[in-house]
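One structure is given here, and the rest of the page talks about it.
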Protein chains: 2
Amino acid sequence: MLPNPDEKLDPRIKRTRSLILTSFESLLAEKGFESISVQDVTDKAQVNRATFYAHFPDKYALLDYSIQKMFMAEIEKRTLNVCSYSEDNLRNLILAVVEFLSRVHTGCAQPHQHFESLIEGTIKKQIFELLSYWLRKSKVPTEIPVTVATWAIYGLASHYSHMKKRPALETFVDEAYPLVAVNLEQFA
Amino acid sequence: MLPNPDEKLDPRIKRTRSLILTSFESLLAEKGFESISVQDVTDKAQVNRATFYAHFPDKYALLDYSIQKMFMAEIEKRTLNVCSYSEDNLRNLILAVVEFLSRVHTGCAQPHQHFESLIEGTIKKQIFELLSYWLRKSKVPTEIPVTVATWAIYGLASHYSHMKKRPALETFVDEAYPLVAVNLEQFA
DNA sequence: TTGAGAATGTTGACTAAGCAACAAAGGAGC
DNA sequence: GCTCCTTTGTTGCTTAGTCAACATTCTCAA
């Protein structure tokens, strides 16, 4: 997809960001996002508090960045970032989103509604960009169908991860993805 | 013993030193000391080569520093750094030196004679300081007996770790430590 | 309601780390 | 001998990180 943004940055920048990120993610596993202070993060990262603010405007920006990185890792693991639209890729994308959301819910000590709405936008933006990239060869604008598909995919994943009695993941996805595919296939 | 020197140093300094140290120790486990270049160390540590020279004159100084840290860890693990002379502590010290030397021999991909002579001085200096500390209450100078004991202890450890068919460690030490104790006990 | 303590951002002066370029010394091969 | 290449230290300039101090907002209990 897009070229990796971690090319030839100053090593100190890469190191500091990764220290902050690691610290944040481990804190997220042990307590709720709201109860994490910038001080907590920098203490554990062994980085000065002022340095944090040189990299992120506030802890919400850090959350964004963190979600972005984690989601992108999920996508890259399945090599969905270097391909084009196909039914199979779409199916895998939905699987990826579901698994990612589930992991966030179990891994982070806070499945609260507010938290989820914080990450929702970030994830949808990534899905939107990925789908646009998949349809980059299209002769006509894809904004509308990609928007529809993006929301549908996120909605499916969110729905699944909140279900009391979940069906098998494969079953669920097999049933759902054709409904999304029908809106996209004509642009591939 | 002496107050830890890692009190309130600039965090960047602590971080850099620890990165260099970790990198060096892992390289030492995979290849011989002589074949490790400063470049190798800084590459793995993700630190600039010039930064290395701001901390250490050369790789021999790094080896010293590394041996010092590792040996001190062995001593602190047994709390031998916060006590005074006793037969039992002496026995434990000998055990510590033997185990340390053995670990260096197995852990470092280079049991060469030259390498051992590089670390010998560093270790003996630590033993000397520790024994002096143990006898700090003595009314008379302890330099001579401590010197004798230091060399004897290191010699025993070196001998043991080079033996073809080693006796049980406990047996060996039980037999050996009285010979050292006899020179020290009168100063305790 | 108020007041004490904690968390947030921000600033400016200082210090460490990065970088590129250099001279010099060593090694391996021809 | 000679070259080519690697490693070693060193240097001056740039950039990132640290620190202490400050004003501001938040929170929560007295």
Side-chain angles (χ1 to χ4, degrees), chain A residues 4-28 30-66 69 108-110 112 114-115 118, chain B residues 4-28 30-66 69 108-110 112 114-115 118:
Chain A
N4 271 339
D6 41 323
E7 323 113 11
K8 36 182 175 279
L9 269 183
D10 188 307
R12 289 170 292 185
I13 296 181
K14 287 195 282 184
R15 182 192 311 146
T16 297
R17 290 206 182 140
S18 118
L19 285 169
I20 290 176
L21 201 59
T22 305
S23 152
F24 175 67
E25 285 168 6
S26 104
L27 281 170
L28 212 45
E30 64 192 48
K31 56 175 169 174
F33 174 71
E34 290 305 340
S35 71
I36 297 174
S37 74
V38 173
Q39 187 75 252
D40 291 340
V41 175
T42 55
D43 280 355
K44 177 168 281 208
Q46 303 197 83
V47 153
N48 194 276
R49 198 166 58 87
T51 304
F52 175 92
Y53 289 107
H55 289 266
F56 304 97
D58 52 35
K59 70 176 183 172
Y60 296 91
L62 172 58
L63 176 62
D64 263 31
Y65 180 72
S66 161
K69 285 276 190 183
C108 300
Q110 190 195 47
H112 292 16
H114 182 231
F115 180 71
L118 285 176
Chain B
N4 271 339
D6 41 324
E7 322 114 14
K8 36 181 176 278
L9 268 183
D10 189 310
R12 291 169 291 185
I13 296 181
K14 287 196 281 185
R15 183 191 309 147
T16 298
R17 291 207 182 140
S18 116
L19 285 169
I20 289 176
L21 201 58
T22 306
S23 153
F24 175 68
E25 285 169 5
S26 103
L27 281 171
L28 213 45
E30 64 191 46
K31 56 177 169 173
F33 173 71
E34 290 306 338
S35 71
I36 298 173
S37 75
V38 173
Q39 186 77 253
D40 291 339
V41 175
T42 55
D43 281 355
K44 176 165 282 206
Q46 303 196 81
V47 153
N48 194 277
R49 197 164 59 86
T51 303
F52 175 92
Y53 288 106
H55 289 265
F56 304 98
D58 52 37
K59 69 176 185 172
Y60 295 92
L62 172 58
L63 176 62
D64 262 31
Y65 181 72
S66 161
K69 285 276 190 184
C108 300
Q110 191 197 43
H112 292 17
H114 181 230
F115 180 70
L118 285 176

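A note on names: the letters A, B, ... follow the listed sequences, proteins ahead of strands, and every chain is numbered from 1. Everything numeric in this text was worked out from a predicted model, so none of it was measured.
- A:Tyr53 has a side-chain polar atom (N or O) that falls below the 4.0 Å cut-off from OP1 or OP2 of C:dG9.
- Taking every side-chain heavy atom of A:Val38 into account, C:dT8 is the closest of C:dC19, D:dT8, C:dT8.
- In this structure, A:Phe33 and A:Phe115 have tilted ring planes: the angle between them lies in the 30° to 60° band.
- A donor-acceptor contact shorter than 3.5 Å is absent between the side chain of B:Ser66 and the backbone of B:Leu62.
- The pair B:Glu30-B:Lys44 meets the salt-bridge criterion, since a charged nitrogen lies less than 4.0 angstrom from a carboxylate oxygen.
- In this entry the distance linking CD1 of A:Ile13 with P of D:dA16 reads 4 Å, nearest Å.
- For the pair A:Asp58 (side chain) and A:Ala61 (backbone), a donor-acceptor distance under 3.5 Å is present.
- The nearest whole Å value for the distance from the CZ atom in A:Phe33 to the C1' atom in C:dA7 is 14 Å.
- Between B:Gln39 atom CD and C:dG18 atom C1' the separation is 13 Å, expressed in whole Å.
- Counting atom types as modelled, B:Arg12 pairs no side-chain N or O with a base atom of C:dA17 as donor and acceptor under 3.5 Å.
- At whole-Å resolution of the value, OH in B:Tyr60 and P in D:dG9 are 9 Å apart.
- Counting non-hydrogen atoms under 4.0 angstrom, A:Arg15 reaches the backbone sugars and phosphates but no base.
- Candidate nucleotides D:dT18, C:dG18, C:dG9 were compared by shortest atom distance to the side chain of B:Val47, and C:dG18 ranks first.
- A donor-acceptor pair under 3.5 Å is absent between the side-chain atoms of A:Ser23 and the main chain of A:Leu19, judged by distance alone.
- Put simply, NZ on B:Lys14 is 9 Å from P on D:dC19, counting in whole angstrom units.
- Atom pair B:Phe52:CZ and C:dA16:C1' shows a separation of 17 Å (rounding to whole Å applied).
- The CG-P distance, from A:Asn48 to C:dC14, rounds to 17 Å in whole Å.
- Across all strands, A:Thr51 comes closer than 4.0 Å to base atoms (heavy-atom distances).
- With rounding to whole Å, B:Leu62 atom CG is found 12 Å from D:dG9 atom P.
- Along DNA chain D, the nucleotide nearest to A:Asp10 and the one nearest to A:Arg49 differ in position, and the one closer to the 5' end is contacted by A:Asp10.
- In this structure, A:His55 does not reach the D:dA16 phosphate: none of its side-chain N or O atoms is under 4.0 Å from OP1 or OP2.
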